[in-house]
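Following: one structure in structure tokens, then a few remarks.
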Amino acid sequence: EVAEIQWRYMGGRLVLLKDGNYECVEASTTPKKRGKYKPPTNRGKKTKSKKDPFKGRIKEVSPGRYQVDKALLDEQLADLDSLVRQARVIPHYSKGKQAGFKIVGIRSNSIFRHIGLKSGDVLKSVGGEELTTIYKALGLLDKFKTSSNLALDIQRRGKSSTLEYDIR
């Protein structure tokens, strides 16, 4: 147990209480020598990155149209804790009424990035059903689990577009 810390300008000591006895641990009173700066040894070398779990399982077959592996989608939807850490979703309002959800802070290696979403996109509707409440949005997760084709209407930088997903 630490009983006391005694510190002076160039060093100090730590007073410990061990089995009813006090012990002191001295710290150096001489300053550390500063050496020359040494750059990291891996400079210029690529570091090993984690395997991309989405590679080959989500494909953009044409602009705005994606083919998604059903097993991957089931894995992602089963682990909601991981899913909510991949991006932040906040309500989006237009003229005082909720008009979808804005997705922000999308992580680079997330399912959201791989299915064509970008930070700042506003999710307007899924499968033709407008996203006006959080309850509707949560209910639409089931649509992802059971559908083979799905359309996601978004607004990006003021322009509306549709992302289509073929789930196999």
Side-chain angles (χ1 to χ4, degrees), residues 1-2 5 14 32 34-168:
E1 180 178 333
V2 176
I5 299 174
L14 188 61
K32 282 187 174 180
R34 289 189 175 190
K36 290 184 179 180
Y37 171 74
K38 294 180 184 177
T41 56
N42 66 346
R43 180 171 269 175
K45 297 177 186 175
K46 288 187 176 183
T47 57
K48 290 183 180 179
S49 61
K50 292 181 180 178
K51 184 180 176 191
D52 185 357
F54 306 108
K55 189 170 184 162
R57 298 176 79 185
I58 298 176
K59 299 174 190 170
E60 186 174 15
V61 292
S62 63
R65 188 165 179 83
Y66 296 84
Q67 190 175 41
V68 181
D69 180 42
K70 176 126 178 78
L72 170 71
L73 190 59
D74 290 341
E75 288 170 18
Q76 292 292 309
L77 293 175
D79 188 4
L80 290 178
D81 287 339
S82 171
L83 193 63
V84 298
R85 285 191 302 264
Q86 294 180 32
R88 289 180 291 144
V89 180
I90 56 176
H92 175 74
Y93 293 91
S94 177
K95 298 179 184 176
K97 292 185 178 180
Q98 188 167 345
F101 291 90
K102 184 179 263 190
I103 189 162
V104 294
I106 296 177
R107 294 189 181 228
S108 60
N109 195 21
S110 70
I111 191 168
F112 301 107
R113 175 79 34 100
H114 284 81
I115 63 171
L117 293 172
K118 295 183 179 181
S119 286
D121 286 353
V122 177
L123 309 176
K124 303 293 269 178
S125 68
V126 176
E129 195 166 333
E130 290 186 6
L131 299 174
T132 54
T133 66
I134 190 68
Y135 302 109
K136 279 188 177 183
L138 290 172
L140 291 174
L141 287 176
D142 288 332
K143 269 195 174 184
F144 277 105
K145 292 178 182 177
T146 59
S147 296
S148 60
N149 291 322
L150 206 57
L152 179 63
D153 295 320
I154 64 167
Q155 185 176 13
R156 182 177 289 160
R157 295 183 179 174
K159 295 181 181 178
S160 295
S161 63
T162 301
L163 299 175
E164 297 177 34
Y165 305 98
D166 190 21
I167 303 166
R168 299 179 183 196

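For the single chain, residues carry numbers from 1 onward in sequence order.
Partners of Phe101 under the ring pair (Phe, Tyr, Trp, His ring centres under 6.0 Å) rule, at least two apart in sequence or in another chain, do not exist in this structure. Partners of Asp74 under the side-chain contact (heavy atoms from CB on, under 4.5 Å) rule, at least two apart in sequence or in another chain, are Lys70.
Note on residues 96-108: no pairs pass side-chain hydrogen bond (donor to acceptor under 3.5 Å, both in side chains), not counting sequence neighbours.
Between Asp153 and Lys124 there is no salt bridge, since no side-chain nitrogen of the basic residue lies less than 4.0 Å from a carboxylate oxygen of the acidic one.
Once rounded to the nearest 0.5 Å, the distance linking CZ of Phe112 with CZ of Arg88 reads 12.5 Å.
Counting heavy-atom neighbours within 6.0 Å of Glu60 CD, excluding the residue itself, gives a total above 12.
Pairing each heavy atom of Thr162 with each of Ala151, the nearest pair is CG2-CB, 3.9 Å. Taking both residues in full, the closest heavy atoms of Gly105 and Ser119 are given as N-OG, 3.3 Å, listed atom of the first, atom of the second, then distance. When all heavy atoms of Gln76 and Phe54 are compared, the pair lying nearest together is NE2-CE2, 3.8 Å.
Proximity of Val68 to Ile111: side-chain heavy atoms (C-beta onward) are nowhere separated by under 4.5 Å. Side-chain contact between Leu117 and Leu152: present, with at least one pair of heavy atoms (C-beta onward) separated by less than 4.5 Å. The side-chain heavy atoms of Ile115 and Ile58, taken from C-beta on, include a pair separated by under 4.5 Å. At a threshold of 4.5 Å between non-hydrogen side-chain atoms, the residues Asp69 and Lys59 do not count as touching.
When each of Arg156, Arg157, His92 is tested with Asp121 by the rule side chain to side chain contact (heavy atoms under 4.5 Å, CB included), just one qualifies, namely Arg156.
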